Amino acid sequence: MLTTLACAAIENALNLLLDKEPSLKLALEQVKHKTLAVEIRDWHTTYALTFTGKQFMLFNNYQEQAECKISAHLETLPELKDPSVMTQLIRQDKLDLEGDLHLAQAYSGAFAKLDIDWAEHLSAYIGDAPAQLIIEKGQQTKTCLSHSATTFAGTFTQLMQDELKVAIHPLELQQFKQHTRAIKQHAAQLEQRIEQLLNR
């Protein structure tokens with residue numbers, strides 16, 4: 001029930017966005033009535049999004065056939081806002097895509113090109129000056145949080161790799177891979193020699 005409510009809230013937000021940003025409607029005109037299904041592997045759930053030409057329809061636990069189906073982990077989904085990385089993600093096995101690639105790229109491109117002037121929309125309710133102030137403070141907070149998250153991630157990684165020796169350093173992993181390849185190559189050569197000796 002919670003998922004259904006969240007799904008309805010997201011659908012409502014998307015339709016509100018559609019009203020505020022007519023460019024989104026124009027960008028998705030070519031893919032209307034086509035369904036994009038997204039399977040989130042972490043949750044074992046598939047969601048589907050359809051643009052009817054007038055509004056968005058969002059479905060959860062989608063089981064039907066879709067024109068395009070994307071399967072990925074939750075952490076990979078934010079990367080899809082750049083349509084050009086899709087083929088790269090597929091090659092890296094981070095993403096599975098069945099069906100019409102153009103449909104996925106159309107949705108990704110349409111949302112990526114959105115440039116929403118939140119201050120303008122907010123000013124209709126609270127006035128220009130307060131709206132501008134709220135947006136500026138929000139951007140400053142976002143930058144500060146992003147910087148803090150990067151610093152924390154770096155410190156945590158260093159702690160795990162250098163101090164506690166719990167995680168492997170990327171260079172150590174690379175060296176391990178090189179050694180493994182070398183051992184595999186030597187094993188293959190040894191196998192060939194043994195076969196040659198046995199054949200004699």
Side-chain angles (χ1 to χ4, degrees), residues 3 6-62 64-125 131-132 134-150 153:
T3 315
C7 212
I10 293 168
E11 182 183 275
N12 193 37
L14 285 170
N15 287 320
L16 193 64
L17 186 63
L18 200 61
D19 289 338
K20 299 283 184 189
E21 298 295 326
S23 60
L24 186 58
K25 197 177 283 188
L26 290 169
L28 294 173
E29 185 63 31
Q30 292 180 345
V31 294
K32 64 182 179 184
H33 303 299
K34 290 186 178 180
T35 305
L36 172 69
V38 180
E39 180 192 7
I40 301 175
R41 294 173 186 168
D42 313 68
W43 299 349
H44 306 288
T45 309
T46 303
Y47 296 90
L49 185 64
T50 303
F51 176 61
T52 64
K54 292 182 179 179
Q55 65 175 11
F56 284 110
M57 293 174 67
L58 186 65
F59 309 93
N60 66 330
N61 295 322
Y62 192 77
E64 307 298 318
Q65 187 71 27
E67 277 78 16
C68 179
K69 184 180 179 183
I70 291 172
S71 176
H73 289 287
L74 192 62
E75 62 189 25
T76 308
L77 295 179
E79 296 180 52
L80 297 179
K81 62 185 175 187
D82 182 4
S84 62
V85 301
M86 280 193 189
T87 47
Q88 188 183 344
L89 291 170
I90 292 167
R91 283 194 204 108
Q92 292 171 353
D93 290 327
K94 289 183 177 180
L95 180 81
D96 287 330
L97 193 140
E98 293 173 25
D100 187 4
L101 174 64
H102 170 70
L103 178 60
Q105 287 177 328
Y107 270 101
S108 176
F111 283 106
K113 285 176 190 170
L114 278 179
D115 185 20
I116 304 163
D117 188 357
W118 293 109
E120 186 186 332
H121 295 311
L122 198 58
S123 66
Y125 301 99
Q132 194 64 41
I134 287 170
I135 297 301
E136 283 175 10
K137 289 294 178 191
Q139 286 171 345
Q140 286 173 6
T141 306
K142 184 183 174 184
T143 307
C144 184
L145 286 172
S146 175
H147 178 69
S148 298
T150 307

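Quantities reported herein were computed from a predicted structural model and do not represent experimental measurements.
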Test side-chain contact (heavy atoms from CB on, under 4.5 Å) on T52 and H33; report intermediate values, then the result.
CA-CA 5 Å; T52 64; H33 303 299; 4.3 Å; yes

Consider side-chain contact (heavy atoms from CB on, under 4.5 Å). Of L97, L103, L101, which one does I70 pass it with?
L97

At what distance, to the nearest 0.5 angstrom, does [atom1] of [X] lie from [atom2] of [Y]?
X    : Y   : atom1 : atom2 : answer
Y62  : T35 : OH    : OG1   : 4.0 Å
Y107 : L49 : OH    : CG    : 4.5 Å
K34  : L28 : NZ    : CG    : 12.0 Å
E21  : L16 : CD    : CG    : 10.5 Å
K32  : F51 : NZ    : CZ    : 7.5 Å
L58  : C7  : CG    : SG    : 3.5 Å

Has E75 got more than 12 heavy atoms of other residues, nucleotides or ligands less than 6.0 Å from its CD?
no

Do [X] and [Y] have side chains that approach each other closer than 4.5 Å (heavy atoms only, starting at C-beta)?
X   : Y    : answer
M86 : S108 : yes
V38 : L80  : no
L17 : F111 : yes
I40 : L74  : yes
N60 : W43  : no

Using only atom types and a distance under 3.5 Å, with no angle test, would you say the side chain of N12 pairs donor to acceptor with the backbone of A8?
no

Ignoring hydrogens and geometry, is there a side-chain-to-backbone donor-acceptor pair from Q55 to N15 under 3.5 Å?
no

Output, in order, the C-alpha distance, side-chain angles, deciding distance and verdict of side-chain contact (heavy atoms from CB on, under 4.5 Å) for T46 and F59.
CA-CA 8 Å; T46 303; F59 309 93; over 6 Å; no

Closest heavy-atom contact between L95 and A72?
CD1-CB, 3.8 Å

I would like to know whether I10 and Y47 meet side-chain contact (heavy atoms from CB on, under 4.5 Å); could you show each step before the answer?
CA-CA 12 Å; I10 293 168; Y47 296 90; over 6 Å; no

Do R41 and D96 pass the side-chain contact (heavy atoms from CB on, under 4.5 Å) test, and can you show the C-alpha distance, the side-chain angles, and the key distance before you say yes or no?
CA-CA 11 Å; R41 294 173 186 168; D96 287 330; 2.9 Å; yes

